[in-house]
Amino acid sequence: MSAVLAEGAATAAVAPQAGSVQAPTIALVLLGTGVVGGALLKLLNTPAAASVRLVGAANSRRQQVDPVLLAQRGLREQLKSQGSVRDNAALLAALDASGAAAKVIVDATASASLASRHAEWLARGYHVVTANKALAGGELPGWRALQAAAASGASYGDAATVGAGLPVLSTLRRLRGCGDSLLTLEGVFSGSLSYLFNQYDGSRPFSVLLREARSLGYTEPDPRSDLSGEDVARKLLIIARNAGFALGSDEVEVESLVPEALRELDADGFLARLEELDEPLATRHAEAKARGSVLRFLARLNQRGRARVGLVEVPATHPAARLYGTDNQFALTTTRYNTQPLVIQGPGAGPEVTAQALLGDVLALA
Ligand SMILES: NC(=O)c1ccc[n+]([C@@H]2O[C@H](COP(=O)([O-])OP(=O)(O)OC[C@H]3O[C@@H](n4cnc5c(N)ncnc54)[C@H](OP(=O)(O)O)[C@@H]3O)[C@@H](O)[C@H]2O)c1
């Protein structure tokens, strides 16, 4: 509560930029200048974003609200050594001072503490556009707070949280708006796990493939973030909740591919023992192959609301058996799409498409 008051006080203390600078249609504060945030900064310099003015940007340690410095190229690099210390109040004050019709905070971080502010920002009238799944895909009370705050009129742009902007959530909302309802959901929601199991044919140890995928940038620096299944579970929760299933995070059964003994190690310790993944996966692969099937890391939600994320043996005719590269796949069975599922498939990761999903949600505010 004290943080809320502090932000409000600083907001009131900053004078609006009057007269000389014309108010933009959309004023934007960017939180996170990493892979996705950096790609968004590039998009903001294109004609497509002409209606958007960047009024603040921050990484985890520093931030910038000076219009001259924000306009300079190399802002990401600049923030590594220059700028003031992190203070959300000053960023919100920059939004208020812009005089813009729409004021938006873009969260391109994975920070749970920033995500925990989303509902409060919405309630205060700021739009929030996010690639950060920690709130919508986190504990159920957080999701409920988000719903309550969004009812106040500010928008929550979440296209980037699932499938890196593939039209999954927008399609689901459109169907629901027409009175259709989700019955079941199944798919491959992780680009890295898609790549790993699309490639894994038993000819090379899984650890070799994993090291290769990591060096190509297809996994997180610590691949346990992907292999644990937790990120997939968050995406499943976001889709299910948007479809009207009020699922708690403890209601998703998650099969981690990380053996118990490797879970508490530091990242280097884990990377040094990747070979311990090989034997159990080789056994499962051989069993699947003997039955003419393949392994896929699937997320599933059935009609009774039972949700599970884990490794599944699927026949060669299954849609997920025919995926390529890092593709994601979302198969939705609904009241009206009930003989064949509605399938949405395509690249479900990558900075450019994710940043584009963020920009799309921002431009929709105009
Ligand atoms: N990469 C993809 O293809 C992809 C696709 C879909 C969704 N996403 C999601 O997008 C988000 C960002 O991913 P990424 O790949 O860009 O991660 P990243 O490269 O690790 O960048 C994260 C950024 O967030 C900043 N940050 C952390 N805490 C912050 C705070 N409290 N205030 C301001 N900035 C903070 C970091 O600052 P420092 O630089 O100081 O550490 C860094 O700039 C994640 O939630 C991810 O799950 C990513």
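Order of appearance sets the numbers: ligands from 1, and atoms from 1 within every ligand.
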Exercise: do Asp201 and Ser203 side chains pair donor with acceptor under 3.5 Å: yes
Nitrogen or oxygen of Ala160 less than 3.5 angstrom from that of ligand 1: no
Shortest protein contact, atom 26 (N) of ligand 1 (heavy atom only): Thr109 CG2, 3.6 Å
For the student: nearest non-hydrogen atoms of Ala159 and Asp361, plus distance: N-OD2, 3.0 Å
Any donor-acceptor N or O pair under 3.5 Å, side chains Thr184, Thr333: yes
Min N/O separation Val36 to ligand 1 under 3.5 Å: yes
Polar atom proximity, Asp231 to ligand 1 (N or O, under 3.5 Å): no
Inter-residue atom distance Arg224.CZ - Leu274.CG, 0.5 Å rounding: 9.5 Å
Asn132: numbered ligand 1 atoms lying under 4.0 Å from its heavy atoms: 45 (O)
Protein contact to atom 22 (C) of ligand 1 [nearest heavy atom, distance to 0.1 Å]: Ala108 O, 4.0 Å
Atom 10 (O) of ligand 1 protein-contacted, heavy-atom criterion under 4.0 angstrom: yes
Shortest protein heavy-atom distance from atom 33 (C) of ligand 1, along with the residue and atom involved: Asn59 O, 2.9 Å
Minimum-distance protein heavy atom relative to atom 42 (C) of ligand 1: Gly34 N, 3.9 Å
Proximity of Lys80 to ligand 1 by residue part, where a heavy atom lies under 4.0 Å: neither
Spacing of CG belonging to Leu227 relative to CD belonging to Glu220, to within rounding of 0.5 Å: 11.0 Å
Ligand-side contact atoms (ligand 1) for residue partner Thr33, heavy atom cut-off under 4.0 Å: 43 (O)
Close-contact set for ligand 1 against Ala110 heavy atoms, below 4.0 Å: 44 (C), 45 (O)
Exercise: do Arg336 and Asn338 side chains pair donor with acceptor under 3.5 Å: no
Geometric N/O contact Val35 with ligand 1, under 3.5 angstrom: yes
Atom 25 (C) of ligand 1 [closest protein heavy-atom partner, distance rounded to 0.1 Å]: Gly32 CA, 3.7 Å
Heavy-atom nearest neighbour in the protein, as seen from atom 38 (P) of ligand 1, with distance rounded to 0.1 Å: Ser60 OG, 3.5 Å
Which of the ligand 1 atoms, numbered from 1, are nearer than 4.0 Å to a heavy atom of Arg61: 40 (O)
Aromatic plane relationship, Phe206 with Tyr200 - under 30° parallel, 30 to 60° tilted, over 60° perpendicular: perpendicular
For Gly350, atoms of ligand 1 separated by under 4.0 Å from a heavy atom: 3 (O)
Residues Glu253, Arg300: salt bridge by 4.0 Å N-O rule: no
Flag if over 12 foreign heavy atoms under 6.0 Å of CD, Gln356: no
Pairs where residues 155-167 contributes a residue and the test side-chain hydrogen bond (donor to acceptor under 3.5 Å, both in side chains) is met, not counting sequence neighbours: His118-Tyr156, Asp158-Arg173
Distance (rounded to the nearest 0.5 Å) between Tyr195 OH and Leu323 CG: 14.5 Å
Leu114 and ligand 1 - part of the residue with a heavy-atom distance under 4.0 Å: side chain
Non-hydrogen protein atom less than 4.0 angstrom from atom 20 (O) of ligand 1: no
Closest protein heavy atom (residue, atom, distance) for atom 5 (C) of ligand 1: Thr354 OG1, 3.1 Å
For atom 47 (O) of ligand 1, closest protein heavy-atom neighbour: Lys133 NZ, 3.0 Å
Ile105 CD1 to Tyr126 OH distance, which is reported to the nearest 0.5 Å: 7.0 Å
Contacts of Phe245 that satisfy ring-ring contact (aromatic ring centres under 6.0 Å, His included) - sequence neighbours left out: none
